[in-house]
Structure formats: C-alpha cells, structure tokens
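I am attaching a structure below and will ask some questions about it afterwards.
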Amino acid sequence: MTAFLANILLALAWMALTDSFDAGGFVTGFLFGFCVIWIGRRDRQTAAYHRRLLAIASFIPYFIKEMVVANLRVAYDVLTPHDYMVPGIVAVPLDLETDLQITLLATCITLTPGTLSLHVSEDRRMLYVHAMYIDDPAKLVEEIKQGFELRIREIVQ
C-alpha cells in the first residue's frame, strides 16, 4: 500500500471516529495521518512521499503569490493611461526531463497572466515563452527557472 493511500484511509478513519464528515474533518484526518505515517514508517518510499507532499504544500502559496502579482501588474497596466508593456518572446532552457514536468511548467506559465507558453523544441531542451513585460530577458528566464521549474522538479521526481 502506498503512503498516499494509507494517508487517505487514515483520514477517512479519523472522519468516522470523530463523526465529522466534512472538508475540515478530512483535512484534520489527513494531517493526523501524515504525522502518523511520518512517525511510524521510515522507509525510502515514505520519505519520498513526505518530501513530495511538503513540496506541493510550498508550491501552492508560491503559485498563488505569482498569480496575484501578475494579475495586479496586468490590471495596473490596463487601468492607467500609460502603457508599460514590453512584450517579447524568450527561450527558456529546460532542465526538466519528463513530459509531465514540462507540461506542468508550461501550464503554470500559461495560467499566470501576462505570460504564455508557445512551443517546446523538438529535443525538449527549450521552452519558448511570450511575456507582456520583459524588462530584462535574462532576469525573466532566471525567475522561471528558480521559481516554477525548481518547484516542479521537487514535486515530480
């Protein structure tokens, strides 16, 4: 049984024992199960599960922050009379290897307002991104690599 399935089953058992069949009961049970599995099992698979779950938990606030900042920047540009856009296309070299990792990166970039993933090179070593605000192309590439790409690599290994 995988650690994730065990965690889900422990969360459901917690809900049944506490008679709280709602989202809060599930989240509490899931966190309780996470701690129980962490204490009870110390094999490699469980350690990878905990590392991945913590990476996902840190990715979510990062993604929300990036979404809010990008939305505010686009809204500010739309609402002010001056045009601040400096659009362009940059090539982002990829360190990601699997199709899932590349797809997640392209999706995160596309979901962020002001940026759009255009194309992945045939050898899957380059991702072309259109951005509305490119003050410094090297800085944008570094932000993508140290932001989304690094966190996606931590989640999907």
message = Could you go through Val156 and Arg52, starting from their C-alpha distance and side-chain angles, then the distance that decides it, and tell me whether this counts as side-chain contact (heavy atoms from CB on, under 4.5 Å)?
response = CA-CA 8 Å; Val156 184; Arg52 182 172 291 138; 5.9 Å; no
ask   = Which heavy-atom pair separates Thr110 from Ser117 by the least distance, and what is that distance?
value =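 So the two residues come closest at OG1-N, 3.2 Å.
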inquiry  = Could you go through Asp135 and Arg73, starting from their C-alpha distance and side-chain angles, then the distance that decides it, and tell me whether this counts as salt bridge (Lys or Arg N to Asp or Glu O under 4.0 Å)?
reply    = CA-CA 13 Å; Asp135 302 323; Arg73 187 170 189 184; 3.4 Å; yes
key: Beyond-backbone contact of Cys108 with Phe59, side-chain heavy atoms, under 4.5 angstrom   =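 Counting from C-beta outward, Cys108 and Phe59 do come under 4.5 Å.
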Check: Met67 and Pro113 side chains under 4.5 Å, non-hydrogen atoms =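 Yes, at least one pair of side-chain atoms sits under 4.5 Å.
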key: Same apolar cluster: Ile134 and Tyr84, side chain cutoff 4.5 Å   =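 As far as the 4.5 Å side-chain criterion goes, Tyr84 and Ile134 are not connected within one cluster.
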query = What distance separates Glu66 CD from Ile109 CD1, expressed to the nearest 0.5 Å?
reply =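 Glu66 atom CD to Ile109 atom CD1 measures 11.0 Å (nearest 0.5 Å).
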ask   = Between Leu9 and Trp14, is any pair of side-chain heavy atoms under 4.5 Å apart?
value =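 Side-chain contact under 4.5 Å: no.
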key: Nearest atoms (heavy-atom pairs only) where Ala16 meets Phe21   =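 Heavy atoms only, the tightest pair is CA-CZ, 3.8 Å.
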ask   = Would a hydrophobic clustering, with Ile, Leu, Val, Met, Phe, Trp and Tyr connected at side-chain separations under 4.5 Å, put Ile144 with Leu100?
value =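 Yes, same cluster.
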ask   = Do Val129 and Leu116 have side-chain heavy atoms sitting under 4.5 Å apart?
value =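 No, too far: nothing below the 4.5 Å cut-off.
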ask   = Are side-chain heavy atoms of Glu143 and Leu140 found at a separation under 4.5 Å?
value =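 A side-chain contact under 4.5 Å exists here.
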request  = Indicate, with yes or no, if Leu31 and Phe26 share a hydrophobic cluster defined by side-chain heavy-atom contacts under 4.5 Å among Ile, Leu, Val, Met, Phe, Trp and Tyr.
outcome  =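 No, separate clusters.
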Neighbour count >12 (heavy atoms, 6.0 Å) for atom CZ, Phe32 =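 Result for CZ/Phe32: open.
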request  = Answer whether the closest heavy-atom distance between the side chains of Val92 and Tyr128 falls below 4.5 Å.
outcome  =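 Side-chain contact under 4.5 Å: no.
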task = Report the distance from atom CG of Leu10 to atom CZ of Phe30, rounding to the nearest 0.5 Å.
result =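 With rounding to 0.5 Å, CG (Leu10) is 10.0 Å from CZ (Phe30).
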Reported CG-to-CD distance for the pair Leu94 and Gln101, which is rounded to 0.5 angstrom =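 The CD atom of Gln101 is 10.0 Å from CG of Leu94, to the nearest 0.5 Å.
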Spacing of CG belonging to Leu127 relative to NZ belonging to Lys145, to within rounding of 0.5 Å =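 Leu127 CG to Lys145 NZ: 10.0 Å, rounded to 0.5 Å.
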Atom pair CD1 (Ile152) and CG (Leu105), whose distance is rounded to the nearest 0.5 Å =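 Ile152 atom CD1 to Leu105 atom CG measures 4.5 Å (nearest 0.5 Å).
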inquiry  = Given 3.5 Å as the limit, does a donor-acceptor pair link the side chain of Ser20 with the main chain of Gly25, or not?
reply    =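 A pair under 3.5 Å: no.
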message = Counting the benzene-type ring for Trp, do Tyr62 and Phe148 have ring centres under 6.0 Å apart?
response =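 Distance test on ring centres: under 6.0 Å, yes.
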ask   = How far apart are the C-alpha atoms of Thr115 and His130, what are their side-chain angles, what is the distance that settles it, and do they pass the side-chain contact (heavy atoms from CB on, under 4.5 Å) test?
value = CA-CA 6 Å; Thr115 56; His130 178 275; over 6 Å; no
request  = Group every Ile, Leu, Val, Met, Phe, Trp and Tyr by side-chain heavy-atom contacts under 4.5 Å, then state whether Leu72 and Ile64 land in the same group.
outcome  =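 Per the 4.5 Å side-chain linkage, Leu72 and Ile64 are co-clustered.
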ask   = Among Leu104, Leu96, Val141, which residue meets the side-chain contact (heavy atoms from CB on, under 4.5 Å) test with Glu149?
value =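 Single pass found, and it is Leu96.
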request  = Would you give the length of the straight line joining atom CD1 of Ile102 to atom OG1 of Thr107, rounded to the nearest 0.5 angstrom?
outcome  =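 OG1 of Thr107 is found 11.5 Å from CD1 of Ile102.
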key: Cluster link Val68 to Leu111, ILVMFWY, side chain under 4.5 Å   =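 Both belong to a single hydrophobic cluster.
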key: 4.5 Å side-chain heavy-atom contact, Met132 and Val86   =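 When only atoms from C-beta onward are counted, Val86 and Met132 do not touch, as no gap falls below 4.5 Å.
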Non-hydrogen side-chain atoms of Phe34 and Leu54 separated by less than 4.5 Å =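 Contact flag for Phe34/Leu54 side chains = yes.
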message = Give me the atom names and distance for the closest heavy-atom approach of Pro87 to Met85.
response =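 Where Pro87 meets Met85 most closely, the heavy atoms are CD-C, 3.6 Å.
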Gln146 versus Arg151, closest heavy-atom pair with distance =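 Scanning both residues completely, I find the closest heavy atoms to be O-NH1, 3.3 Å.
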